[in-house]
Amino acid sequence: MIKRIFLVTFLVMLSIPCTSQNKVEINTSPKLVVGIVVDQMRYDYLTRFYDRFGEGGFKRMINEGYNCKNNHFNYVPTYTGPGHASVYTGTTPQNHGVISNHWYDKFSEKMVYCASDPSVKAVGSDSELERMSPHRMKTTSVADQNRLHTQLKGKTIGIAIKDRGAILPAGHTANAAYWFRGKDEGKWITSTYYRSELPDWVKKFNTSGKAASYFKEWNTLHDINTYTESGADQNQFEGGYKGKETPTFPYDLAKLKAENSGFDIIKSSAYGNSLTADFAIEAITGEGLGADNITDFLTVSFSSTDYVGHNFGVNSKEIEDTYLRLDQDLERFFVALDQKVGKGEYTVFLTADHGAVHVPSYLKSVKIPAGYFDADEFGAKIAAFAHSKFGVKELIENTSNYQVFFNYKTLKDNKIDSEDLQKAIAHFILQEPHIDKVFTRSQLESTNYTSGIAALIQKGFNQKRSGDVVVVLDPAVISYSKTGSTHGSGLTYDTHAPLLFFGQGIQKGSTTKETHITDIAPTISALLGIAFPNGATGDVLSFILE
């Protein structure tokens, strides 16, 4: 009897037609995916400045979308190039190969830049310094996978003040990446990797005078006395601009531009983000993004937050004002997306490429352990020690990015075992002040580290491109000037970055579950129903998807 009832029920179910109510959707296809990276944004900037934000920028993303409160970089070093590459490839430097902004190339025996490409030329500028492409990034980005999935019908446009912030996120198949050439030019440019000339809309923007309009006074958006989430405006921990005696508001950018590389002063002020938003809004229409049902990608990196942070530091009034102004720029960008693409028709994520440390001289003033490290002196010490220990000169070929590169020809000629040199150098380095840990190539290639700083070092270690000994400094110890902030470590002040999603296909909510920067690309891939980037190692954050 039970079997007969089950059979009848099964046959009835088969006879029910598939309707819109019971149809299963296996992917969500927004018209446009917008990836936003805020350069040098610590997670606590969201909470620290939250009460002063408007409703349409950061708060809109938090209130209408999903907030991953415990999001971290899961590798070292935390620099701009590796950060942007990791966000969009869903993997770490171990696989995508962008091990720093600049690194020593053992094969050409010279330093190389993560986005430089001598085989291409700049478009929109005659400068030989703007020959750029993504060719050093070894794996695909999520934007590449969308292009492949749509038979190259879905467009990809990358935008940032910094070339690497535009180029690496957009990937290898981008229709264009645009970055800002400062100095005496003040123009958005690209390279022949993408196209032979600038499109008309970019030419029009460049001749509009928009960039020059930011040669004006930079003062606080609100009464400076209400900026209670930062230190005193006048202090000894900030850099400032040439031509102004003190790093204090207001700043007359028109007056200061001559001594600060012309348009570069806009890049290093809060107005650089406004200019980026202006250009990104024009790109939506100019490139026809989100104009049909085939998903497009727009990658936007706000670079000026990093310039301001490096100059003035984490605790400065300048940083507070920059984020309050960025919040307004985000709001008008989202309004433009609502109008041009359609509210609910696009998906956005926002994160950072790294955080930043408080100025060590400030930390020391409040009795927190911190300090400074002389990288040049350190490199000379290592070379001298190797010569003394083994009686051979030029055993050390290069010291950079807290890595030591051996001269393997000299080792071979003198029959010196590389592991013996690794161990000797590592032991010597550990005796030096401000050194916390040391890892050798042999350790990183033979041991599978699963936690702690060792695991972060290993995920950032590329067998072919990285050095033979890797150095870890003490917490809050940096190789930098005594003013301003920097980044690069595996400590939480550098790894803890915001991660916000909102728009089509995104749940509302938040989590304190640990997530990683490498989870972004697989999550967006799952949202779109496309193949993951080919080197992806991150996880899908299924709890943020509807």
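- With values rounded to the nearest 0.5 angstrom, S304 atom OG is found 9.5 Å from D329 atom CG.
- The existence of a salt bridge linking R181 and E130 is confirmed by a sub-4.0 Å separation between a basic side-chain nitrogen and an acidic carboxylate oxygen.
- Heavy-atom contacts from other residues, nucleotides or ligands closer than 6.0 Å to NE2 of H387 number more than 12.
- Taking every heavy atom of both residues into account, V359 and G484 meet most closely at CG2-O, 3.4 Å.
- Ring planes of Y362 and F237: perpendicular class, angle over 60° (limits at 30 and 60°).
- For R441 (side chain) and S418 (main-chain N/O), no donor-acceptor pair under 3.5 Å exists by modelled atom type.
- Checked by atom type, the side-chain pair S442/Q422 shows a donor-acceptor distance below 3.5 Å.
- Ion pairing between a basic and an acidic side chain is recognised when a charged N comes within 4.0 Å of a carboxylate O; R465 and D105 show no such pairing.
- No side-chain N or O of D321 forms a donor-acceptor pair with one of H222 less than 3.5 Å apart.
- Judged purely by atom type and a 3.5 angstrom limit, Y50 has no side-chain atom pairing as donor or acceptor with the backbone of Y45.
- Under the 3.5 Å distance criterion, with hydrogens and angles disregarded, a donor-acceptor pair is assigned to the side chains of H96 and S86.
- If you take OG1 on T228 and CG on D51, they are separated by 9.0 Å, rounding to the nearest 0.5 Å.
- Ionic pairing of R332 and D278 is present here: one or more N-O contacts between side-chain nitrogen and carboxylate oxygen are shorter than 4.0 angstrom.
- T515 and N71 share a donor-acceptor pair across their side chains, judged by distance under 3.5 Å alone.
- Note that CG of L499 is 6.5 Å distant from CD1 of I517, once rounded to the nearest 0.5 Å.
- Between T220 and E320 there is no side-chain heavy-atom pair separated by less than 4.5 Å.
- Between H354 and H487, the ring planes lie parallel to each other; the angle is under 30°, not in the 30° to 60° tilted range.
- Counting only N and O atoms by type, the side chains of S116 and R136 include a donor and acceptor under 3.5 Å apart.
- Judged by distance alone, with hydrogens and angles left aside, the side-chain atoms of N67 form no donor-acceptor pair with the main-chain N or O of I62 at under 3.5 Å.
- A distance of 6.0 Å or more separates the ring centres of F58 and F49.
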Query - Residue pair V308, S268: steps toward the side-chain contact (heavy atoms from CB on, under 4.5 Å) verdict - result: CA-CA 6 Å; V308 174; S268 61; 5.8 Å; no
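- Within the 4.5 Å cutoff, side-chain heavy atoms of F302 are placed close to those of L330.
- Side-chain N or O atoms of Q328 include none that pairs as donor or acceptor with a backbone N or O of L324 at under 3.5 Å.
- The distance between the ring centers of Y66 and F502 does not fall below 6.0 angstrom.
- If you check the side chains of S261 and K257, you find no donor sitting under 3.5 Å from an acceptor.
- Remark: aromatic rings of Y113 and H102 are close, center separation under 6.0 Å.
- Looking only at atom types and distance, the side chain of W103 has no donor-acceptor partner in the side chain of Q403 under 3.5 Å away.
- Counting non-hydrogen atoms of neighbouring residues, nucleotides and ligands closer than 6.0 angstrom, the CD atom of Q236 reaches no more than 12 such neighbours.
- For the 3.5 Å distance criterion, the side chains of N74 and H72 fail to qualify, holding no donor opposite an acceptor.
- At a threshold of 4.0 Å, the pair K508-E64 does not count as salt-bridged, since none of the basic side-chain nitrogens sits closer than that to a carboxylate oxygen.
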Query raised in the report: Can you list the steps and then say if E432 with K381 is a salt bridge (charged side-chain N to carboxylate O under 4.0 Å, His left out)?
Result: CA-CA 10 Å; E432 292 294 298; K381 278 186 177 181; 2.9 Å; yes
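- Checked by atom type, the side-chain pair H84/S301 shows a donor-acceptor distance below 3.5 Å.
- Within 6.0 Å of CD in E394 there are 12 or fewer heavy atoms belonging to other residues, nucleotides or ligands.
- Atom OH in Y251 sits 5.5 Å away from atom NZ in K244 (nearest 0.5 Å).
- Between N273 and Y307, the side chains place no donor N or O within less than 3.5 Å of an acceptor N or O (distance only, hydrogens not considered).
- Checked against the 6.0 Å centroid criterion, the rings of H310 and Y480 qualify as a close aromatic pair.
- A donor-acceptor pair under 3.5 Å is formed between the side chain of D417 and the backbone N or O of D420.
- A cation-pi contact, defined as under 6.0 Å to the ring centre and within 45° of the axis, is absent between K317 and F312.
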Query - Intermediate values then yes/no, side chain to side chain donor-acceptor pair (under 3.5 Å), E514 and H516 - result: CA-CA 7 Å; E514 183 170 346; H516 298 124; 3.0 Å; yes
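- Ring geometry, F215 versus F263: the interplanar angle falls from 30° to 60°, so the pair is classed tilted.
- For S100 and N401, the side-chain atoms include at least one donor-acceptor pair closer than 3.5 Å.
- We find the CD1-NZ distance between I416 and K389 to be 11.5 Å, quoted to the nearest 0.5 Å.
- The minimum heavy-atom distance between A536 and P522, with the atom names listed, is CB-CG, 4.3 Å.
- Atom OG1 of T518 sits about 14.5 Å away from atom OH of Y88, to the nearest 0.5 Å.
- A donor-acceptor contact closer than 3.5 angstrom links the side chains of S489 and D494.
- Of all heavy-atom pairs between L444 and Q458, the closest is O-NE2, 2.9 Å.
- A salt bridge (charged side-chain N to carboxylate O under 4.0 Å, His left out) with D306 is found for one member of R164, K162, K267 and no other, namely K162.
- Remark: the backbone N or O of T248 is not paired with any side-chain donor or acceptor of D233 at under 3.5 angstrom.
- Here the closest heavy-atom approach between residue P77 and residue P82 is recorded as O-CB, 4.0 Å.
- Atom NZ of K423 is surrounded by 12 or fewer heavy atoms from other residues, nucleotides or ligands within 6.0 Å.
- Side-chain contact, T91 with T89: no donor N or O sits under 3.5 Å from an acceptor N or O.
- Because its NZ or CZ atom is both nearer than 6.0 Å to the ring centre of Y271 and within 45° of the ring axis, K216 counts as a cation-pi partner of that residue.
- Side-chain atoms of V404 and I382, non-hydrogen and from C-beta on, do get closer than 4.5 Å to each other.
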